[in-house]
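What you see is a predicted model; the values in this text were computed from it and never measured.
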Amino acid sequence: MAALRRLTQSRRSTGDRTALAAEAAADAAEAQLAPQPPKAPAGDHTPEPGDVRAAAFFDCDNTILRGAAIFYLGVGLYRRRFFSRRDLARFAWQQAAFRLRGAENPEHIADARDSALGLVAGKRTADLERICEEIFEPVLAEKVWPGTRALVQMHLDAGQRVWLVTAAPQEVARLIARRLGMTGALGTVAETRDGEYTGRLVDGMLHGAAKAAAVQELARREQLDLARCAAFSDSANDIPMLSLVGHPYVINPDGALRRHARAMGWRVRDFRTGRKAARIGLPAAAGLGVLAGAAAAAVAVHRRQRA
């Protein structure tokens, strides 16, 4: 077949070969005109000072905090003897998986939710709020990404309202938002009765599409123009929220969100130390560190109990 093709080509006239070459060149040139994904803007969006119809919405886990707020809450509650070492090991595994994958696993989220709800059932809301203050004081000092903190401050300095939007419990979300000087927080709301937790949620977790719905409702109540607003997240689960606003930002993204951001031309900010180290080395080390730290904490508590 190759010999026949060469024979056929040799019999073509110079004019035929010229025409074919021109056609091939035109095809190649036309292919270059195919639509290409827009490149992410090089610079940060600078919020307009005093724009009362603009606001910024920030995810929490791995966007503002390194890791998951539910894990820090779990370890803090364990140290206050709210639950057992087995429960702590499950929290540690959830955190390690979160850091290794750079994404939220629905099964882990559901497990963490059910564990947390079971643990706080019958507990007084005032007690948990006080404990949250104690738990997150050192966490916020050590685990906030400085780059994201600067973005929060940029919007605050422009006089804009800045909201935390997270699946974490509302009590935790409010505390983090207050300590960062943010306007307020949207978080998962646990049902209470007579000042105590019932062990149930009010209309489920604030996650994925529910976040987008909450932002839309808040924008309606606050008379915000979402086209003038900004949103920030690390997870592909938050694509619905990011798609609502005129200025979506991708912070420390998981693989799926990075690909989506590249296709959409969204701004990407990675505050981790080198992309390869962040996606492979550092998360693995952090996950192992979490497990080692959990084991050390369990041993320390066990020793105190025996003493």
With side chain to side chain contact (heavy atoms under 4.5 Å, CB included) as the criterion, how do R80 and I135 come out once you've worked through the C-alpha distance, each side chain's angles and the decisive distance to 0.1 Å? CA-CA 10 Å; R80 289 155 180 82; I135 292 171; 3.6 Å; yes

Return the minimal non-hydrogen interatomic distance between L201 and A190, and the atom names on each side. CD2-CA, 4.2 Å

Could you check if a side-chain atom of T166 sits within less than 4.5 angstrom of a side-chain atom of I64, using non-hydrogen atoms only? no

All side chain to side chain donor-acceptor pair (under 3.5 Å) counterparts of D157, not counting sequence neighbours: Q153

Check: T148 main-chain N/O paired with R269 side-chain donor or acceptor under 3.5 Å: no

Under the salt bridge (Lys or Arg N to Asp or Glu O under 4.0 Å) definition, can you give me all pairs with a residue in residues 144-155, not counting sequence neighbours? none

Check H155, R228, R53, E48 against Q160 for a side-chain hydrogen bond (donor to acceptor under 3.5 Å, both in side chains) and give me the one that passes. H155

Taking the hydrophobic residues Ile, Leu, Val, Met, Phe, Trp and Tyr, and joining any pair whose side-chain heavy atoms are under 4.5 Å apart, which ones share a cluster with V165? F57, W163, L186, L206, V215, L218, L224, L226, M241, L244, V245

Rounded distance (nearest 0.5 Å) linking atom CG of L156 with atom CG of L180: 9.0 Å

Separation between OG of S233 and CG of D61, rounded to the nearest 0.5 Å: 9.5 Å

Which heavy-atom pair separates L242 from Y249 by the least distance, and what is that distance? CD2-O, 3.4 Å

Stepwise, does the side chain to side chain contact (heavy atoms under 4.5 Å, CB included) test hold for D270 with V250? CA-CA 8 Å; D270 201 326; V250 170; over 6 Å; no

Is any side-chain heavy atom of N62 closer than 4.5 Å to one of S235? no

For residues G184 and A177, report the shortest heavy-atom separation together with the two atoms involved. O-CB, 3.6 Å

Residues forming a side chain to side chain contact (heavy atoms under 4.5 Å, CB included) with A256, sequence neighbours excluded: A236, D254, R259

Side chain to side chain donor-acceptor pair (under 3.5 Å) partners for R221, two or more places apart: E217

Residues pairing under ring pair (Phe, Tyr, Trp, His ring centres under 6.0 Å) where one sits in residues 172-195, two or more places apart or in two chains, turn out to be none

Which pairs pass salt bridge (Lys or Arg N to Asp or Glu O under 4.0 Å) with one or both residues in residues 161-188, sequence neighbours excluded? E129-R174, E133-R178, E133-R179, E137-R179, R161-E222

With heavy-atom distances below 4.5 Å as the criterion, would you say the side chains of V268 and L257 are in contact? no

Taking all non-hydrogen atoms of both residues, which atom of S243 and which atom of W266 are closest, and how far apart? OG-CH2, 3.7 Å

For T63, give me all partners under side chain to side chain donor-acceptor pair (under 3.5 Å), at least two apart in sequence or on another chain. D59, D234

Applying side chain to side chain contact (heavy atoms under 4.5 Å, CB included) to I251 and L151, what does each step give before you reach the verdict? CA-CA 11 Å; I251 306 294; L151 291 171; 3.9 Å; yes

So, taking the atom named CD in E196 and the one named CG in L128, what distance separates them when rounded to the nearest 0.5 Å? 12.5 Å

Spacing of T188 atom OG1 and M205 atom CE [to the nearest 0.5 Å]: 4.5 Å

Test item: P240 and K211 side chains (from C-beta on) under 4.5 Å apart, heavy atoms: no

Would you check, one step at a time, whether the test side chain to side chain contact (heavy atoms under 4.5 Å, CB included) holds for R272 with R66? CA-CA 10 Å; R272 296 167 291 194; R66 294 195 295 273; over 6 Å; no

Of all residues at least two apart in sequence or in a different chain, which pass the side chain to side chain donor-acceptor pair (under 3.5 Å) check with D127? none

Which residues satisfy the ring pair (Phe, Tyr, Trp, His ring centres under 6.0 Å) test with F58, sequence neighbours excluded? F232

Could you tell me which non-hydrogen atom of F136 sits nearest to which non-hydrogen atom of A69, and how far apart they are? CZ-O, 3.6 Å

Looking only at non-hydrogen atoms, find the nearest pair between T198 and E191 and report the distance. OG1-OE1, 2.7 Å

